[in-house]
Amino acid sequence: MREVRLMKGNEAIAEAAIRCGVDGYFGYPITPQSEVMETLMDLKPWETTGMEVLQAESEVASINMLYGGAGCGKKVMTSSSSPGISLMQEGLSYLAGAELPCVVVNVVRGGPGLGTIQPSQSDYFQSVRGGGHGDYNTIVLAPSSVQEMSDFVELAFDLAFKYRNPAIILSDGMIGQMMEKVEMKPFKKRWTNEEIEKYCPWATTGKKKDRERNIITSVELDSQVFESFNHKLVAKYRKMEEEEVRFESFQCEDADYIIVAYGSSARICQKSIDILRSKGIKAGLLRPITLFPFPKAELNSIADRVKGMLSVEMSTGQMVEDVRLAVEGKVKVEHFGRVGGMVHSPEEVVEALEQKIIGG
Amino acid sequence: MSEEIIIAGFGGQGVLSMGKILAYSGVMQDMEVSWMPSYGPEMRGGTANVSVILSDNRISSPILKEFDTAIILNQQSMDKFEDAIKPGGLLLYDGNGITRHPERTDIRVYRVDAAAEASKMESSKTFNMIVLGGYLKVKPLVSMENVMTGLKKSLPERHHKLLPLNEKAIIRGTEIVQKIQEV
């Protein structure tokens, strides 16, 4: 039977984690994502599925608990908001370097610094360009509804384990705090120790007589060896770019102008498209669902048949750089977005497209 | 059908929970819904507001500049949201504490004196349900049966003994809402 509930985005993350068989959640409270751990504590999954939920002493501790859990082949996750995610970057780099799967949810608020608790999309670069030190990428999923907050938890784990790589769910205060209908997924059992050994032959589950020791580390002092390891990682990211790009297009087929927007901003822009269409302007919306890998090829092919593109994001202009790289100068690409916790209205987006692209 | 509503007042008046009950009633009626609060330092005494959208179709932007209905429960919200109502839209307000009454002539205006009425009931916390009743009388978008199911789903089980009192308050709201102006 369909189970439909009215939930906040943050609550949906927590409920989905329990249902898809997560082994452990380690986190530290911060607005606007505190309901994730609050909901988990309320639902007490350790009494039902056996999932551990722990409030760590800091975000630094949380991400290192993920390193430990993931090293044992466990499905582990954390969530935080921008300043907390900054604290986790060292750990994320180590997780990527040790090729460990995990899921990190960022319910973004405005920065830099402690900034504001209101929604923002200003952590785009941090998410899609690695974030910590070294040459690495994380898989980045951008939900634009509460339903996707729920659905993307399992998807993020699937991708993280498929590629042995951290996956980030890049949300923001708007999707985290708003309530919408969610169709709940059925409960899945957590992996047994036997299943972990089968699916994660690399995990530190105790040395068996018939195999070598598994060592989880990101250090390699022989540069020749480490160079080939770097190339191995890059090959993995290129494979993601070939196989995992996800996007949604909305009225792009006959469009003269394209708005590119993700997450909450994409929701606002859908209404802008409706307004533009009612004025006789053929506009369409391309919504990247994966920010890394980015839908470069799709944008490049759309660029052959449109007059201009506007990247709309709650930042001073980050994704716009990826859009420009993708279209290779074929069309004009401009940026628009409110910042500092302010959220643009559908009407402001319409005005920006008219001024910067159509009239400009 | 699509109804875009802003509910605004003081923190502690039950603005957010009233919006949640309305949204849950929409879910029960198989509508698409969204509930977007002003979150942050708004606790008791500060201002609080929530946008609720009920629609037969997929909802695009949960952030709105103009509304079909504004439910206004203090003066600050009157000042902020009277101009955000679409022409022909509805303004429903509680007169308690209002020093400047609505001035626009191109909108429907209704008044529900819920604060005064709530003080006569067993609990003054019924305030927001009286307002909800007033709204549902003017715009009966969801059936009373679905509102009661929505209420039940929104309230934690330990508060379910309060369901009859809340129902009484909703009905009281439908009785005391008064028309000030139609267009």
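Please read all numbers here as calculations on a predicted model, not as lab measurements. Reminder, nothing fancy here: chain letters follow the sequence lines and each chain counts from 1.
- A donor-acceptor pair is defined here as one N or O able to donate and one able to accept, closer than 3.5 Å; such a pair exists between the side chain of A:R267 and the backbone of B:I59.
- Residue A:E248 places its CD atom among more than 12 non-hydrogen atoms of other residues, nucleotides or ligands, all under 6.0 Å distant.
- Counting heavy atoms of neighbouring residues, nucleotides and ligands inside a 6.0 Å radius, atom NZ of B:K179 does not exceed 12 of them.
- By the neighbour-count criterion of 12 heavy atoms within 6.0 Å, atom NZ of A:K185 is densely surrounded, having more than that number from other residues, nucleotides or ligands.
- Of all the heavy atoms in A:P346 and B:I63, the pair that sits closest is CD-O, 3.9 Å.
- Few gaps surround NZ on B:K139; more than 12 heavy atoms of other groups in view lie less than 6.0 Å from it.
- Counted within 6.0 Å of CE on A:M342, heavy atoms from surrounding residues, nucleotides or ligands total 12 or fewer; the atom is thus considered open.
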Q.
As a quick check of understanding, evaluate side chain to side chain contact (heavy atoms under 4.5 Å, CB included) for B:V33 and A:E180, giving each step before the final call.
A. CA-CA 6 Å; B:V33 304; A:E180 289 187 306; 5.7 Å; no
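- Counting heavy-atom neighbours within 6.0 Å of B:R58 CZ, excluding the residue itself, gives a total of 12 or less.
- Contact count against chain B (heavy-atom pairs under 4.5 Å) is highest for A:M179 among A:M178, A:E348, A:M179.
- Side-chain atoms of A:K181 never come within 3.5 Å of backbone atoms of B:Y24 as a donor-acceptor pair (strictly under, hydrogens ignored).
- Counting non-hydrogen atoms of other residues, nucleotides and ligands closer than 6.0 Å to CZ of B:F67 gives a total above 12.
- Taking both residues in full, the closest heavy atoms of A:K8 and B:W35 are given as CE-CZ3, 3.8 Å, listed atom of the first, atom of the second, then distance.
- Smallest separation of non-hydrogen atoms from B:K65 and A:S345: CD-OG, 3.6 Å.
- The CE atom of A:M174 sits 5.5 Å away from atom OG of B:S61, with the distance rounded to the nearest 0.5 Å.
- Between A:K271 and B:E4, at least one side-chain N (NZ, or NE/NH1/NH2) sits under 4.0 Å from a carboxylate O, which counts as a salt bridge.
- Side-chain contact check for A:L6 versus B:K153: every heavy-atom pair is 4.5 Å or farther apart.
- Within a 6.0 Å sphere centred on NZ of A:K356, heavy atoms belonging to other residues, nucleotides or ligands number more than 12.
- At a 4.5 Å heavy-atom cutoff, B:M28 makes no contact with chain A through either its backbone or its side chain.
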